[in-house]
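Notes for the one structure printed next.
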Number of protein chains: 2
Amino acid sequence: MNLQTIKASCSNCNLRELCLPIGLSDEQMQRIDDIVAVRRKIKRGGMLFHNGEAFSSLYAIRTGFFKTSVATEDGRDQVTGFQMAGEIIGLDGIVNDHHTCDAVALEDAEVCVMPFDRLEDLSREITVLQNHVHKVMSREIVREHGVMLLLGSMRAEERLAAFVLNLVQRLHTRGFSQSELVLRMTREEIGSYLGLKLETVSRTFSKFVDDGIVEVKQRHIRILDTDALKRIVNHQRECD
Amino acid sequence: MNLQTIKASCSNCNLRELCLPIGLSDEQMQRIDDIVAVRRKIKRGGMLFHNGEAFSSLYAIRTGFFKTSVATEDGRDQVTGFQMAGEIIGLDGIVNDHHTCDAVALEDAEVCVMPFDRLEDLSREITVLQNHVHKVMSREIVREHGVMLLLGSMRAEERLAAFVLNLVQRLHTRGFSQSELVLRMTREEIGSYLGLKLETVSRTFSKFVDDGIVEVKQRHIRILDTDALKRIVNHQRECD
DNA sequence: CGTACCCTTGATGGAGATCAAGTGCAGTGG
DNA sequence: CCACTGCACTTGATCTCCATCAAGGGTACG
């Protein structure tokens, strides 16, 4: 296995407030440190886990950027999400003790390995941790509801606008700009996530540029008019 | 409130193996009975909970059939799932202490009310129950991955075939026929779930009838050729 | 028995897919 | 340093599937 492992420590991790509940005592934090014993590095293009693999751990992303995707037997696949620092990945594996999607690093990444059985043990003793785990899973369910809404009822422009706004908002939470971002994924991966072909993604970006809403230079995006993007998402029909 | 409440009991419920983990002792079962104290009846068309409502409980469906749906500010909405006896509903509410979707009964229904805080309490003491809750949530995440795949990459025929197969399979688990089912939802609700218009759903059913794959009489569906449906789902391109 | 809703079917239109060509950029090796 | 190669991206032309618009029919229920 081409993976590197290093000792992890949550207590002095600056992503603590993203991964963990607030209000943990020093002693509780120490016990969490003990089970989140190991970090793992994944090279760009490498897999954190893959469909069919036995499930043992959840992963908290420390650095880097991932995509998760599912596939049909006949070869089509669908990107189900893009995950960044502070987010938890691997929840799909719990139900059947095997992962049902692939997680691929879109840039060099590092994750904290959280053995799930130990996490369950600790959740039984630390109430706020238990509740936190439930909220993380519920958040993922709600996020996917949003994607279903997007895929089921939005047109291409709305999908892409919603996508860009979502990405930049999450990056902003992590201290990055509200108006600039660098895409870590290809047009094809964006298209797969949004249920569009890569040409449509490209054309739609071009249209946004023509309309003066964004600047696009390869994967570098600068948002010139956030409100216009929001209007596109919420208000498809210009008439009313 | 137009709801009726009655005392619930899991220990002699025939859906036990759908809602609860196996291997509970009598004493553990009794404690679960204690927290699942109440059942609630919902009339056809009534709401179990709605978007924005404070979250307090999960619900186990005892009888009846529900749809859940989310909506955008500008009024479009998307059915996110259809739920039947033995399934758990309300997981969306955990993350923000408020529900983010509507749950509507498509026929007269009865649910068991499971106050979530008490469920968390008990989960800390009964390991298999804790793990069960995690699996229920993970199962929902995986289910939604499947819907995303459907919405993002399948054509109308594939979507409807997958939908019918999924429904009949779940009904079969509950002791119903493998080849016959009664739809509890309208064509429009099916369309919303599948990202299609009701006319397309209707036309696609008609095409299946023409092809001798199913019989359709209003909401009564009889599957004549399950394999053909499976082939439509897995093998979109007839050429290869 | 009438009314309302749900469903089916036909005709037409349009958003996005597909097919195709060309451009720009990064990495490689001469 | 520059040609070469490969990949990601853009843009144009055409096609197709599904949406939309429209009309009619069946069924349930008061």
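Reminder, nothing fancy here: chain letters follow the sequence lines and each chain counts from 1. No experiment lies behind these values; they were computed from the predicted model shown.
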Here the residues of residues 186-195 of chain A within 4.0 Å heavy-atom distance, strictly under, of DNA chain D are Thr186(A), Arg187(A)

Pairs under 3.5 angstrom, nitrogen or oxygen only, protein versus nucleotides 9-14 of chain C, please.
residue	atom	partner	partner atom	Å
dT9(C)	OP2	Ser206(B)	OG	2.5
dG10(C)	N7	Arg203(B)	NH1	2.8
dG10(C)	O6	Arg203(B)	NH2	2.9
dA11(C)	N6	Arg203(B)	NH2	3.2

dist Leu198(A):CG -> Thr200(A):OG1 (nearest 0.5 Å) comes out at 8.0 Å

**Asked** Heavy-atom count around Glu73(B) CD within 6.0 Å, excluding the residue itself: above 12?
**Response** no

Smallest heavy-atom separation, His99(A) atom then His50(A) atom, equals CB-O, 3.7 Å

So CZ of Phe82(B) and CZ of Arg170(B): to nearest 0.5 Å the spacing works out to 9.5 Å

Residues of residues 213-224 of chain A with a heavy atom under 4.0 Å from any atom of DNA chain C, listed by number, are none

Closest of dT20(D), dC18(D), dG16(C) to the Ala156(B) side chain is dC18(D)

*Under 3.5 Å, is there a donor-acceptor pair linking the side chains of Glu53(A) and His98(A)?*
no

Separation between OG (Ser69(A)) and CG (Asp102(A)), nearest 0.5 Å, reads 4.5 Å

Exercise for the section: Tell me, with the steps shown, if Glu87(A) and Arg174(A) meet salt bridge (charged side-chain N to carboxylate O under 4.0 Å, His left out). Expected result: CA-CA 11 Å; Glu87(A) 297 179 332; Arg174(A) 287 157 181 79; 3.5 Å; yes

**Prompt:** Under 3.5 Å, is there a donor-acceptor pair between the Gln83(A) and Thr68(A) side chains?
**Reply:** yes

_Under a 3.5 Å distance rule, please check whether Ser192(B) uses its side chain to pair with a backbone N or O of Glu188(B) as donor and acceptor._
no

